[in-house]
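One structure is given here, and the rest of the page talks about it.
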Amino acid sequence: MQLRYNFRAYPDAGQRRALACAFGCARVVWNDCLRDRKEAHAAGLPYVKSAELSRLRITQAKRTEERAWLADVSAVVLQQSLRDLDTAYKNFFDSVRGKRQGRKVGPPRYKSKKDTRQSIRLNANAFSLQDDGTVYVAKVGSLKVKWSRRLPTAPTSLTVTKDSSGRYFLSFVVDTEPDILPEAEADAGIDLGLSAFAVLSDGSRIDSPRFLRRAEKKLKRLQRELSRKAKGSKNRAKARLKVARQHAKVADRRRDFHHKASTQIIRDNQAVYVEDLAVSGLGHTRLAKSVHDAGWSAFVGMLEYKAVKHGRTFAKVDRAFPSSQVCSVCGFRDGPKPLHVREWTCGACGTVHDRDHNAARNVLFEGRRIVAAGRAETPNASWSAGKTRAKVPAQRGEAGSPRKGQPTQAGIPGLQTREHVNQCPTGCGRP
């Protein structure tokens with residue numbers, strides 16, 4: 001299976017200029033190739049192949065005066081940008097033809113230097129881990145990295161990202177074997193909510209931290225200061241950065257909470273069942289801010305990939321299942337209830353139910369039925385790698401690349417003696 005490991009990077013001034021150049025060149029190649037394909041489609045011409053675009057927009061473009069600065073960055077960055085465009089088109093075509101599950105995917109769009117996230121992707125030929133703990137990136141130099149843990153195996157690809165708050169991150173994709181945990185006796189059904197973030201079928205509750213709500217007072221003040229700054233001024237840029245950093249803190253806290261809660265649930269239970277909520281639909285209601293603050297989709301995604309990683313069973317219960325209407329004791333369906341009803345009495349057996357706990361128990365029973373029925377009958381059931389040995393891609397769907405040329409090391413560098421590679425920043429500030 002593929003896993004992604006993110007680490008904070010601290011480039012110096014010259015390396016930041018080199019990365020800005022790399023971001024810009026990758027963006028220009030993407031936009032040029034996308035424009036060629038759009039113009040060919042508008043003219044009724046055949047779909048332009050990648051080999052032709054690589055020859056015209058990378059190889060020959062470097063020899064022109066208009067695009068000569070493309071030679072200042074690694075060719076791997078430019079080729080990977082074209083590959084990412086191919087992947088975007090494939091996802092769009094598969095979505096139109098019905099081959100891709102989930103929400104419909106739109107056609108690729110043009111990129112802008114004002115986008116909140118700038119990134120480049122490299123395969124193993126364009127980066128390497130150094131003995132002194134730095135990561136060498138071709139035509140950028142040796143980047144200082146804050147290592148928080150070891151890499152289990154040598155990485156197959158690297159994504160360098162700059163977020164809206166000005167932070168740089170290195171994202172490694174590694175191929176590794178599942179880390180199967182000892183079997184547990186318990187299994188759990190989970191009911192996600194807003195008053196309590198999650199209620200488990202055994203009665204335990206996870207309180208909702210509401211990170212965005214807690215940070216709203218400061219965010220309102222910073223946003224008010226931003227709105228008073230003149231557009232295009234340096235003070236406005238500084239104020240925008242303060243807002244972005246505050247939002248980044250909220251997102252980091254929420255992600256940390258999701259990781260800790262999902263890891264604990266996966267370690268304690270052999271099987272985990274959760275309701276497949278329509279988060280995108282709820283995001284258009286009056287509860288939208290609270291729904292997005294909870295981050296249910298990210299949490300469920302973590303449960304799913306950690307179940308595969310640790311050999312647990314995971315299944316989603318269909319969102320149409322009436323978990324809040326059925327008595328978990330006798331099975332009598334008591335009908336729909338408004339949201340303010342948090343406790344109700346079964347009309348058949350007289351059992352007094354807590355709404356969330358009863359729903360979690362029903363999710364548990366339905367999840368057991370789904371798994372017992374088998375994957376063929378219930379396509380939304382997902383077994384762990386310990387059961388089916390299914391491959392799971394790294395987060396954000398980034399694929400690895402074969403290791404050729406410059407070798408890399410597993411773990412935090414500095415454990416073996418290797419010849420140091422000289423720093424080679426370009427120092428250009430183009431596009």
task: Would you please name every residue forming a salt bridge (Lys or Arg N to Asp or Glu O under 4.0 Å) with R8, sequence neighbours left out?
output: none

- line: With sequence neighbours left out, the residues meeting side chain to side chain contact (heavy atoms under 4.5 Å, CB included) with S280 are R103

- request: Tell me, please, which residues at least two apart from R355 pass salt bridge (Lys or Arg N to Asp or Glu O under 4.0 Å).
  value: none

- prompt: Just by modelled atom types, is the L192 backbone N or O under 3.5 Å from a matching donor or acceptor in the E275 side chain?
  reply: no

task: Give every residue pair that meets the salt bridge (charged side-chain N to carboxylate O under 4.0 Å, His left out) criterion with at least one member in residues 277-287, sequence neighbours excluded.
output: none

message: I'd like to know if the side chain of N269 and the backbone of V272 have a donor-acceptor N/O pair within less than 3.5 Å.
response: no

- prompt: If you look only at pairs with a residue in residues 226-248, which of them pass as a side-chain hydrogen bond (donor to acceptor under 3.5 Å, both in side chains), with sequence neighbours excluded?
  reply: none

- prompt: Sub-3.5 Å donor-acceptor pair from the side chain of R342 to the main-chain atoms of L339, do we have one?
  reply: yes

field: Partner residues of R100 under the salt bridge (Lys or Arg N to Asp or Glu O under 4.0 Å) criterion, sequence neighbours left out
entry: none

field: R254: salt bridge (Lys or Arg N to Asp or Glu O under 4.0 Å) partners, not counting sequence neighbours
entry: D293

- request: Using the salt bridge (charged side-chain N to carboxylate O under 4.0 Å, His left out) rule, take K309 and D179 through it: C-alpha gap first, then chi angles, then the decisive distance, then the call.
  value: CA-CA 6 Å; K309 177 183 178 183; D179 180 18; 5.9 Å; no

task: May I ask you to decide if I120's main-chain N or O and Q80's side chain share a donor-acceptor pair within less than 3.5 Å?
output: no

- request: Please report the shortest heavy-atom distance between Y110 and R35, naming the atom on each side.
  value: OH-CA, 3.4 Å

- prompt: For the residue pair N123 and F127, what are the closest heavy atoms and their distance?
  reply: O-CD2, 3.1 Å

query: Sub-3.5 Å donor-acceptor pair from the side chain of E225 to the main-chain atoms of K220, do we have one?
result: no

query: If we only count heavy atoms from C-beta on, is the V274 to V363 side-chain gap below 4.5 Å?
result: no

message: Just to verify, what does W30 make a ring-ring contact (aromatic ring centres under 6.0 Å, His included) with, not counting sequence neighbours?
response: none

field: Heavy-atom closest pair, residues L170 and L143
entry: CD2-CD1, 4.0 Å

field: Under 3.5 Å donor-acceptor, T134 side chain and S142 backbone
entry: no

query: Quick one: CZ on R4 to OG on S157, what's the gap to the nearest 0.5 Å?
result: 6.5 Å

statement: Here the pair of heavy atoms bringing L194 nearest to R210 is O-NH2, 3.5 Å

message: Using only atom types and a distance under 3.5 Å, with no angle test, would you say the side chain of S262 pairs donor to acceptor with the backbone of H258?
response: yes

query: Does a side chain donor of either N362 or E366 reach within less than 3.5 Å of an acceptor in the other side chain?
result: no

message: Tell me every residue that passes ring-ring contact (aromatic ring centres under 6.0 Å, His included) with Y89, counting only those two or more places apart in sequence or in another chain.
response: Y47, F93

Donor-acceptor contact present, side-chain R37 to main-chain V48, <3.5 Å: yes

Please set out all donor-acceptor pairs under 3.5 angstrom arising from side-chain atoms of residues 195-202, sequence neighbours excluded.
unit_1 : atom_1 : unit_2 : atom_2 : d
S201   : OG     : G189   : N      : 3.1
D202   : OD1    : S204   : N      : 3.0
D202   : OD1    : S204   : OG     : 2.7

- request: For the residue pair C25 and V77, establish whether any side-chain heavy-atom pair is separated by less than 4.5 Å.
  value: no

- prompt: For S328, what residues pass the side chain to side chain donor-acceptor pair (under 3.5 Å) criterion, not counting sequence neighbours?
  reply: N358, R361

Donor-acceptor pair, side chain of K306 and main chain of R312, under 3.5 angstrom: no

message: Ignoring hydrogens, what is the shortest heavy-atom contact between E66 and W69? Give both atom names and the distance.
response: O-NE1, 3.3 Å

task: May I ask you to decide if the ring planes of H259 and Y305 are parallel, tilted or perpendicular, using 30° and 60° as cut-offs?
output: perpendicular

task: Without swapping roles, check the side chain of D115 against the backbone of R117 for a donor-acceptor pair under 3.5 Å.
output: no

task: Please name all residues satisfying side chain to side chain donor-acceptor pair (under 3.5 Å) with H41, sequence neighbours left out, ordered by chain then number.
output: none

